[in-house]
Amino acid sequence: MDSNNLGARAGVGEREGRVYSHLVARRNFYLSHGVGRSGDIAAVQPKAAGSSLVAALANAFAKHALRIAGMPKQECIVVPLATGMSITLVLLAIKQQRPQAKYVIWPRIDQKTCLKCIYAAGLQAKVVEGTLEGDSVVTGDVASAIDDPNEVACVLTTSSCFAPRVPDNIQKVALICKEYQIPHLINNAYGLQCSKITHEIKEASRLGRVDAVVQSTDKNFLVPVGGSVISSSSKSFLQQVSGIYPGRASASSVLDLFITFLSMGESGYRKLLQERKALLPEFQTALEELAAKYGQRVLVTKGNTISFGITLSGIDNSTELGSKLFLRKVSGTRVVKGNSTKEICGHLFENYGASYTEYPVAYLTAACAVGLTRREL
């Protein structure tokens, strides 16, 4: 349906969807015009009727998938940007609404992208240090960071994270944002797979203020990296976000998601969510047995049911453990020794990786994420 596939045509524009390599054309299913137009990533492109239809259907499928996962009733758009750049896109839209604002209040989470996306939007971060409750690093005092609400662009919370950090207290922050009339953006990178997280977001939206939520397509729907789903209860706000994107965009990540949704269907997606939930007790038990075998223990972080930590007490070469596991085809683990200091965007973080300056123990994390199989366990 894209114009580059029409027979007996005369393409006299500067961009006519011509593709030199037959392999590249086949890889993209002959949809070479991309999605959107120069002023709006969600706009229909006359030359790209097929790609535009795929994008519209992907948006509709994503909206349904979010509801299946337990998210509040919202509109959404699929964008060909990974989570960090999608957050930047939303922050730019908020910045347009609040031109006098210059700060983003950000409860500390030791993941570089989360901080970089704030500065990429031309804003500054006010870092809120967390507090330690048992083994868990929990949300600090967000309200104390608000001096002048007019200077605050938004509060950026995180709902999915590495242990021992637990998801931010989304409901409490939503109530604070409602009280101070400050936008609230949630980084829900891989939270769709957890019904507890989606319920928290749903309740936060009902009781307080949630302006937008960003979730990764690869972490939640098992597609290649490169896309996100931005959801909001405000259709006009999503239109503003899509209007900020400069130029057209590649249809590749949107097409990947569209094909995946068709492949898995509603029953397939529900099955993936159920399988992860069913595997969770076995995952925790296996970690506990492994930790006990080497005189260690599993960190008690009840608020986080995706990522888990095992202590590495008394292990001198703990930093080498991650690479040794990788060489044995075990990927995705993180080793935090507790002696790392990093400067990111002008902010100095002690004990980087633990999301807390004085975390008392070195540890290794592993995740029970959607798509994990019993064989891998």
Side-chain angles (χ1 to χ4, degrees), residues 2 15 17 19 21 23-38 40-43 45 48 50-66 69 76-93 111-118 120-121 158-160 185-193 212-232 238 241-264 268-269 272 331-332 367 369-371:
D2 282 11
R15 181 197 287 124
V19 178
S21 168
L23 182 60
V24 171
R26 287 180 58 196
R27 175 181 174 272
N28 290 276
F29 292 89
Y30 303 94
L31 299 173
S32 57
H33 278 292
V35 294
R37 305 190 75 172
S38 58
D40 189 342
I41 196 174
Q45 170 59 245
S51 297
S52 298
L53 179 59
V54 166
L57 288 170
N59 290 340
F61 292 163
K63 181 179 177 180
H64 187 202
L66 263 59
C76 72
I77 54 171
V78 179
V79 294
L81 295 168
T83 309
M85 286 304 296
S86 294
I87 291 174
T88 296
L89 197 67
V90 176
L91 289 174
L92 287 170
Q111 211 279 341
K112 295 177 184 178
T113 299
C114 302
L115 191 59
K116 287 183 175 181
C117 63
I118 296 171
T158 305
S159 56
S160 55
L185 170 58
I186 300 176
N187 173 9
N188 190 39
Y190 49 96
L192 289 179
Q193 59 193 278
V213 187
V214 177
Q215 32 267 311
S216 164
T217 55
D218 63 278
K219 294 183 180 75
N220 292 291
F221 302 120
L222 311 184
V223 296
V225 172
S228 294
V229 180
I230 302 173
S231 59
S232 175
L238 281 181
V241 171
S242 62
I244 286 176
Y245 191 100
R248 298 184 197 175
S250 169
S252 181
S253 58
V254 179
L255 185 59
D256 287 342
L257 188 62
F258 171 70
I259 293 170
T260 300
F261 280 145
L262 288 177
S263 300
M264 69 169 56
Y269 184 48
L272 278 174
S331 61
V370 67

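As the structure is a computational prediction, the values presented were derived from the model and not from experiment. One-based numbering along the sequence shown.
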Distance (rounded to the nearest 0.5 Å) between [X] [atom1] and [Y] [atom2]:
X	Y	atom1	atom2	result
M85	K116	CE	NZ	12.0 Å
H33	S250	NE2	OG	13.5 Å
F258	S263	CZ	OG	9.5 Å
S159	I186	OG	CD1	6.0 Å

Heavy atoms, side chains only, cut-off 4.5 Å: are [X] and [Y] in contact?
X	Y	result
L238	I230	yes
Y245	D40	no
L255	L31	yes
L89	L81	yes
P80	I41	yes
Y190	D218	no
V213	N187	no
I77	V229	no

Can the ring centres of Y269 and F261 be said to be less than 6.0 Å apart? no
May I have the step-by-step check of side chain to side chain contact (heavy atoms under 4.5 Å, CB included) for V35 and R248, ending in yes or no? CA-CA 6 Å; V35 294; R248 298 184 197 175; over 6 Å; no
Under the side chain to side chain contact (heavy atoms under 4.5 Å, CB included) criterion, do L185 and I87 qualify, and how do the steps go? CA-CA 8 Å; L185 170 58; I87 291 174; 3.8 Å; yes
For residues [X] and [Y], report the shortest heavy-atom separation together with the two atoms involved.
X	Y	result
Q193	K219	NE2-O, 3.6 Å
F29	I259	CE1-CD1, 3.8 Å
N59	C76	O-SG, 3.5 Å
V19	S32	CG2-CB, 3.6 Å
A55	V254	CA-CG1, 3.7 Å
T88	C117	OG1-O, 3.0 Å

Residues S228 and Q215: side-chain donor-acceptor under 3.5 angstrom: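 Checked: S228/Q215 side chains show no N/O donor-acceptor pair below 3.5 Å.
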Start with the C-alpha gap between T83 and T113, add the side-chain angles, then the distance that decides, and say whether side chain to side chain contact (heavy atoms under 4.5 Å, CB included) holds. CA-CA 8 Å; T83 309; T113 299; 5.8 Å; no
Is it the case that the side chain of T217 and the backbone of G227 share a donor-acceptor pair, with hydrogens and angles ignored and the cut-off at 3.5 Å? yes
Knowing that exactly one of D256, V370, T260 qualifies, which makes a side-chain contact (heavy atoms from CB on, under 4.5 Å) with L222?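 It is V370, the one option of D256, V370, T260 that forms the side-chain contact (heavy atoms from CB on, under 4.5 Å) with L222.
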